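Worksheet: the structure to be examined is printed underneath.
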Amino acid sequence: MDACSGPLILIRCKIIKLVMMLTVLALDPYKYLRIQVVEAFIRLNSEIAVQRFFRQGYRHHRVPDRRTIVRWVQFQKEHGKVENKKSSGRPRTVRMPENVNRVRAEMQPSPQRSARRHSLTMQISRRSLHRILKEDLKFHPYKLQVVRELRPIDRQMRITFCAQLQEMIAENNNILPNLLVSDEAHFHLTGFVNKQNIRYWSDTNPQLLHETPLHSPKVTVRCGVARFGIIGPYFFEDPKGRTVTVNSVRYLQMLNIFLVSELNRIGHLDT
């Protein structure tokens with residue numbers, strides 16, 4: 001009889017195998033990943049499918065190329081194991097445990113500081129620092145999200161508007177064909193946050209936000225889009241061509257003068 005036959009013995013063997021795999025993962029995570037890749041190739045028989053499996057399960061690790069996958073599988077077939085061959089090159093001198101801990105200690109109090117500045121401070125090359133951050137610490141440079149600042153009253157006004165619009169559409173079928181949707185773009189005259197230059201190094205997403213004020217010096221351009229055509233662009237300027245801020249009076253002037261003339265021009269005013 002097989003040593004692993006019978007329900008209780010089979011469960012015991014599975015538990016032993018699970019403990020062995022967890023031990024391998026704790027002692028050598030990279031070896032565990034190679035085991036997963038080799039087993040996935042045996043199951044899927046496709047390098048591309050293995051890469052897809054690797055991306056889904058280990059998105060913070062570098063995806064092995066097709067040659068690497070074939071080499072790992074061939075090594076397992078020839079030697080019956082997945083350990084790396086003993087390297088004949090020089091040993092690591094930068095990505096040592098003490099340097100990894102030093103990078104972690106430097107990044108935690110100042111995660112928004114650029115990797116270039118950290119590399120200069122710690123006297124570590126940018127390439128080695130990036131490899132420590134990504135491969136050893138599993139950090140990711142999360143982008144800053146710029147969102148519009150909303151007051152508590154704004155949320156309720158949006159909900160009320162949506163409910164009113166739904167009622168109008170239900171009562172009149174001609175609302176949507178004649179609906180003009182407009183939006184505006186702001187070109188700020190003062191400095192603004194360039195989120196492409198800001199990264200927050202961390203192993204988890206901090207959901208970093210930067211709130212911008214609703215009213216700030218800027219050039220405002222408005223444009224409308226409908227089924228019957230495009231209205232605009234319209235620049236909010238004074239008679240001398242100087243930029244002005246948008247208020248209720250100027251907004252009404254835009255509707256009564258510019259919008260009416262544009263609707264007359266395309267022959268859609270009486271619709």
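Because the structure is predicted, anything quoted here is derived from the model rather than measured.
- Every pair passing ring-ring contact (aromatic ring centres under 6.0 Å, His included) that includes a residue from residues 112-137 is listed here, sequence neighbours excluded: His130-Trp201.
- Annotation: side chain to side chain contact (heavy atoms under 4.5 Å, CB included) contacts of Asn173 (sequence neighbours excluded): none.
- Residues Phe161, Leu165, Met168, Ile169, Ile175, Leu176, Val181 make up the rest of the hydrophobic cluster containing Leu179, defined by ILVMFWY side-chain heavy atoms closer than 4.5 Å, directly or through other members.
- No single ILVMFWY cluster, assembled from side-chain heavy atoms under 4.5 Å apart, contains both Leu255 and Ile257.
- For Asp154 (side chain) and Leu150 (main-chain N/O), no donor-acceptor pair under 3.5 Å exists by modelled atom type.
- A salt bridge between Arg95 and Glu135 is present, with a side-chain N of the basic residue lying under 4.0 Å from a carboxylate O of the acidic one.
- Between the side chain of Arg104 and the backbone N or O of Asn99 there is no donor-acceptor pair closer than 3.5 Å.
- Between the Ser110 side chain and the Arg113 main chain, no donor and acceptor come within less than 3.5 Å of each other.
- Applying the side chain to side chain contact (heavy atoms under 4.5 Å, CB included) rule to Arg43 yields the partners Ala40, Phe53; only residues at least two apart in sequence or on another chain are considered.
- For the side chain to side chain contact (heavy atoms under 4.5 Å, CB included) test, residues two or more places apart in sequence or in another chain that qualify with Gln207 are Gln145, Asn205.
- With rounding to the nearest 0.5 angstrom, the CG atom of Leu252 is 11.5 Å from the CG atom of Leu259.
- In this structure, CE in Met96 is found 13.0 Å from CZ in Arg102, a value given to the nearest 0.5 Å.
- Atoms CZ and CD, from Phe139 and Gln108 in turn, are 6.0 Å apart once rounded to the nearest 0.5 Å.
- Pairs passing the ring-ring contact (aromatic ring centres under 6.0 Å, His included) check and including a residue from residues 244-265, sequence neighbours excluded, read Tyr234-Phe258.
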